[in-house]
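Worksheet for the structure shown next.
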Amino acid sequence: MPEAIANIGVVGLAVMGSNLARNLASREGNTVAVFNRSRSKTDELLAAHPEAEFVPAFSYEEFAVALQRPRTAVIMVKAGAPTDAVIESLLEVFEPGDIIVDGGNALFTDTIRREKAVRETGVNFVGMGVSGGEEGALKGPSLMPGGSDESWITLGPILRSIAAVAEGEPCVTHVGHDGAGHFVKMVHNGIEYADMQLIAEAYDLIRRGTGKTPAEIADVFAEWNRGELESYLIEITAEVLRQVDAETGKPLVDVIVDEAGAKGTGAWTVQTALNLGTPVSGIAEATFARSLSSHREQRDVSGDLPSSAEPLRVEDVDVFIENVRLALYASKIVAYSQGFDEIRAGAAEYGWDINLGDIAKIWRGGCIIRAQFLNRITEAYAVDPDLAVLMTAPYFVEVHERAQGSWRRVVVDSATSGIPAPAFSSSLAYYDGLRAERLPAALIQGQRDFFGAHTYRRIDKPGSFHTLWSGDRSEVEAEDTH
Ligand code: 6PG
């Protein structure tokens, strides 16, 4: 029977859990207890990594005995029922003051529910976003823990010891209470979807507009990655486009079925934004673009739909590619601005005190959306923590000034040539909507009042009004009858 020598434990030793356990064990001051429902995974991990000096446990009781107080365990199992099952088992052997951390991609509302239920037992429950995939878990993820201030006292130093480091700072912060961590991770994933869709649209435009091969486009992305678009996703895009399929000798991207999968975090981001009344059009279009790509049965019968699209004529390839690069950057800024808007709206709705600048900081390293330009977002929120619209920060105004013409040109090119660019075009539409002095929403209010007597406000006096559309069409002042 192990004795209480471990300061942290990991439950769930699939790749992510094993890598996180290895990362923890590699840091000075950590002794890591490990447990997996099926013993073989534990045995495999110990055999493969004796240097980690793991403390193996083969029951939850043994796991609890191995842990120093306050016992702290990170759960790395599938979201949903498997996570609930592990929590239930840990609660049987943990005591008040101990800490259970859910490191999976749980839906933040589940985390709020779990945190409340577990807190009633005196045990702390922390929902923590872990970003960076398997490599990040091993070498340094971006970590987004929620949970109580009490749990952070113990967790903080441990998480700082394993997080990625950007500009000399660990990519971890106590995001906020209860579900705040998983909420922010969810938005991270939504931005990830938008970023990936924008990159895919840029690739498609260049491929179809210039006839360049994937390997040649990889060189374009590698060049972009040396500038303001430097980011993990741009970097790996060049790698994916360079990859040749061993079996056929063709570019791998040409033998992959063009139907994008999704585990659901993007959909959660959009559903939540709809409930919060926060437009995340770039993230939404990216999520729906994945759905469209997967509706093979509809695509197979729509190929002959009429189109007056003209083949994209590119006079100067370099100019065209620069236009696409600027359109990508301009649209990316919109997607991040919308993502931060959703975090702010979520914090207001759920009573979290989330520091947007800190979130930008911890996303600079370790996570999938890590990018050089997150330093610019960090700087923007450092100057004005209450920035209402990220895009109004001087740096982003300058970019949109510089990118404006290219952005519009690329959206026009995509429309006239029938190349789908939903994220580029919806981001521009959002940008123009935000800028517009008057929106056609006035007409919508009139329509709503006509058929539903939903009333409208006037620009020239306070109050709610209704027109007697089926009567003499005079206007009456009305109680606001939504
Ligand atoms: C990360 C990733 C990770 C997961 C993807 C799955 O931050 O490390 O985002 O959480 O691999 O979210 O993404 P899909 O929803 O595209 O399947």
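Count residues from 1 along the sequence. Any value given below was found using the heavy atoms of this structure, including those in side chains, with hydrogens, waters and symmetry copies removed.
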Check [X] against [Y] and note the closest heavy-atom contact, atom names and distance.
X: Tyr430; Y: Ser281; answer: CB-OG, 3.6 Å
X: Gly365; Y: Ser142; answer: O-CB, 3.4 Å
X: Phe108; Y: Gly179; answer: CB-O, 3.6 Å
X: Trp152; Y: Pro145; answer: CZ3-CG, 3.7 Å
X: Gly277; Y: Pro279; answer: O-CD, 3.7 Å
X: Asn23; Y: Ile162; answer: ND2-O, 3.2 Å

Looking only at atom types and distance, does a side-chain atom of [X] sit under 3.5 Å from a main-chain N or O of [Y], one as donor and one as acceptor?
X: His182; Y: Gly146; value: no
X: Glu201; Y: Ala423; value: yes
X: Thr265; Y: Met186; value: no
X: Ser302; Y: Leu305; value: no
X: Thr272; Y: Thr269; value: no
X: Asp102; Y: Met128; value: no

Do other residues, nucleotides or ligands put more than 12 heavy atoms under 6.0 Å from [X] [atom1]?
X: Glu88; atom1: CD; answer: no
X: Arg435; atom1: CZ; answer: yes
X: Asp353; atom1: CG; answer: no
X: Glu297; atom1: CD; answer: yes
X: Arg37; atom1: CZ; answer: no

For side chain to side chain contact (heavy atoms under 4.5 Å, CB included), just list the numbers for Thr111 and Asp178, CA-CA rounded to whole Å, side-chain angles, deciding distance to a tenth of an Å, and then say yes or no. CA-CA 7 Å; Thr111 300; Asp178 58 63; 5.9 Å; no

Counting C-beta onward and ignoring hydrogens, is there a side-chain heavy-atom pair between [X] and [Y] closer than 4.5 Å?
X: Phe54; Y: Arg22; value: yes
X: Arg207; Y: Val253; value: yes
X: Arg242; Y: Asp219; value: yes
X: Tyr395; Y: Glu379; value: no
X: Arg114; Y: Asp84; value: yes
X: Lys212; Y: Val317; value: yes
X: Tyr60; Y: Leu90; value: yes
X: Phe424; Y: Leu198; value: yes

Residues [X] and [Y] bridged, charged N to O under 4.0 Å:
X: Arg208; Y: Asp413; value: no
X: Arg113; Y: Asp110; value: yes
X: Arg364; Y: Glu167; value: no
X: Arg325; Y: Glu228; value: yes

[Y] and [X] side chains, donor-acceptor separation under 3.5 Å:
X: Asp358; Y: Tyr381; result: no
X: Glu322; Y: Ser406; result: no
X: Asn124; Y: Ser151; result: no
X: Glu239; Y: Gln243; result: no

Reported [atom1]-to-[atom2] distance for the pair [X] and [Y], which is rounded to 0.5 angstrom:
X: Asn105; Y: His188; atom1: CG; atom2: NE2; value: 9.5 Å
X: Glu135; Y: Leu138; atom1: CD; atom2: CG; value: 8.0 Å
X: Met391; Y: Leu434; atom1: CE; atom2: CG; value: 5.0 Å
X: Leu241; Y: Ile217; atom1: CG; atom2: CD1; value: 6.5 Å
X: Glu285; Y: Arg290; atom1: CD; atom2: CZ; value: 13.5 Å
X: Asn36; Y: Thr42; atom1: CG; atom2: OG1; value: 5.0 Å

Whether Tyr350 and Trp352 hold their rings parallel, tilted or perpendicular, with breakpoints at 30° and 60°: parallel

Relative to each other, are the rings of Phe63 and Phe35 parallel, tilted or perpendicular (30° and 60° limits)? tilted

Tell me if the centroids of the rings in Trp363 and Tyr336 come within less than 6.0 Å of each other. no

Run Gln338 and Glu342 through side-chain hydrogen bond (donor to acceptor under 3.5 Å, both in side chains) and show every step you take. CA-CA 6 Å; Gln338 292 176 340; Glu342 183 170 358; over 6 Å; no

